[in-house]
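The structure appears below as structure tokens.
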Number of protein chains: 2
Amino acid sequence: MIRDSSLCGAMQDNELHALSSIARRKTFPTGQVVAWSGDPNSVCANVVAGAVKVTASTPDGREQIVGLLYPGDFVGHPFAEDATLTVTAVGETDLCLFPRGPFERTLGEHRTMERRLLQQTMESLGGAQQRILSLGRKNAAERIASFLLEVLDRTRPDHEDGPAEIDLPISRGEMADYLGLTIETVSRQLTRLRKDGVIAMAKGDRCCTVLSRERLELIADPD
Amino acid sequence: MIRDSSLCGAMQDNELHALSSIARRKTFPTGQVVAWSGDPNSVCANVVAGAVKVTASTPDGREQIVGLLYPGDFVGHPFAEDATLTVTAVGETDLCLFPRGPFERTLGEHRTMERRLLQQTMESLGGAQQRILSLGRKNAAERIASFLLEVLDRTRPDHEDGPAEIDLPISRGEMADYLGLTIETVSRQLTRLRKDGVIAMAKGDRCCTVLSRERLELIADPD
DNA sequence: CGTTTAGTTGAACCTTATCAAGCCCTGTGG
DNA sequence: CCACAGGGCTTGATAAGGTTCAACTAAACG
């Protein structure tokens with residue numbers, strides 16, 4: 001179902017076959033860890049359904065979500081000996097797992113796959129660079145607005161204007177870990193957006209209606 | 001001179017030849033812009049000597065350095081139509097420039113090169129993720145200490161302990177833009193490190209002696 | 001039901017930004 | 001040769017944004 005947006009997108013049938021012969025489908029319940037930081041780096045994967053968070057943390061336990069991956073996204077770090085990041089399912093999640101060794105070998109045998117992975121990695125890098133800008137230079141309101149727009153673009157790629165309902169994939173605490181803020185600040189900023197009529201959202205809910213995409217964009221990227 | 005650490009590292013002579021036939025060497029004076037954000041994405045490059053900064057900025061002009069690249073590092077974003085980032089020489093810098101089109105073609109013709117670029121891009125992504133952690137969860141002191149260690153590791157890869165002299169590649173203002181702080185905070189944190197005897201450094205100087213790497217590490221990653 | 005968990009809200013505090021002044025070095029022009 | 005302007009850096013005072021701590025609500029769950 002997610003073929004064309006994922007690694008498999010550009011591939012021939014024989015290549016797909018090579019991949020699927022090493023792949024293993026698995027469902028992870030909410031909160032289950034797929035791979036631990038510090039463990040040997042043994043798997044790569046494609047997200048099939050649900051989502052995963054990729055987290056880094058300081059030795060004293062502060063946590064930061066460095067990536068949020070959705071269906072079609074590639075997870076993992078080929079060629080690295082050890083995992084430096086923890087991968088966790090957020091919400092019930094289906095992954096297509098590839099043991100790293102065989103995956104790297106398959107990569108070597110199928111050019112289109114390697115090319116596609118290179119392009120995906122370049123895109124991830126671009127995304128990471130945007131997040132560096134957010135975390136380094138944006139205030140709380142701007143970060144929250146940017147995040148809502150990110151989720152909106154992910155789930156409604158064709159949306160242009162007018163009200164749109166989005167379902168936040170993560171909790172307030174996870175939003176805080178993603179945006180480099182605290183739970184309290186996230187909560188306050190959301191109520192502020194609600195009071196200002198930019199979004200509509202029941203208290204404590206994960207469901208959120210963007211009333212004015214335009215205003216949200218203005219907050220995310222002021223001019 | 002920087003062959004083995006750069007893209008060219010894993011290549012055969014015929015591949016090197018292919019690359020060098022499209023390459024153009026150029027020296028950029030301090031502050032000169034190599035590529036502008038928003039312009040068509042026309043070049044990739046390898047840093048030969050000196051260093052470049054890669055910056056992103058908000059529409060209202062706040063600036064963030066998203067990457068700092070040294071000799072051997074690859075600069076650019078193959079496959080992207082437009083540049084979203086600005087690349088600027090910091091200090092007198094030699095680059096080996098590749099027009100993007102021919103570079104992508106060459107990439108398609110030389111597997112080892114593509115493989116190597118994939119690995120480099122993965123490493124860049126890992127670095128970016130570490131910086132997301134820093135910007136999201138570390139305070140000013142920790143960021144400064146992390147940065148000094150980064151520079152130390154770059155310039156003295158074999159250094160383990162004891163005093164070591166390092167030359168900061170960038171100004172205070174650029175450190176601020178790199179670390180998501182202000183000039184004033186950077187300055188204050190450096191004098192603090194100086195007063196605490198962690199580093200020795202003449203006021204306003206770019207040269208800095210790390211007196212205790214151990215203490216610096218303790219500050220960068222508290223436990 | 002009582003307990004737990006996620007989220008909201010308020011008050012006090014703290015880190016960092018902002019504003020302002022001054023220093024030092026360099027380069028320039030009288 | 002000196003006065004002066006400018007840039008890079010430091011330092012101080014003040015302000016603000018976000019964190020921390022704490023209380024509270026509401027839904028979920030045994």
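Order of the sequence lines fixes the chain letters, A, B, ..., with proteins taken first and strands second; residue numbering starts at 1 for each chain.
- Straight-line distance from the CZ atom of A/R206 to the C1' atom of D/dA28: 14 Å, rounded to whole Å.
- For B/R172, the side-chain atoms get nearest to D/dT10 when compared with the rest of D/dT10, C/dT16, D/dT20.
- In this structure, A/E63 places its CD atom 18 Å from C1' of D/dT19, rounding to the nearest Å.
- Distance A/R62 CZ to D/dT19 P: 13 Å, rounded to the nearest Å.
- Straight-line distance from the CZ atom of A/R188 to the P atom of D/dG18: 11 Å, rounded to whole Å.
- Closest approach to the B/T185 side chain among D/dG18, C/dT16, D/dT11 is made by C/dT16 (side chain taken as heavy atoms from C-beta onward).
- Rounded to whole Å, atom P of C/dT15 lies 12 Å from atom CD of B/E142.
- Less than 6.0 angstrom separates the ring centroid of B/F74 from the ring centroid of B/F103.
- Distance B/E174 CD to D/dG7 P: 15 Å, rounded to the nearest Å.
- In the set C/dA17, D/dG12, C/dG7, the nucleotide with an atom closest to the side chain of B/E184 is D/dG12.
- Remark: P of C/dG7 and CD of A/Q189 are 16 Å apart, rounded to the nearest angstrom.
- Taking the side chain of B/S187 as heavy atoms from C-beta on, and the options D/dC9, C/dA20, C/dG7, the nearest nucleotide is D/dC9.
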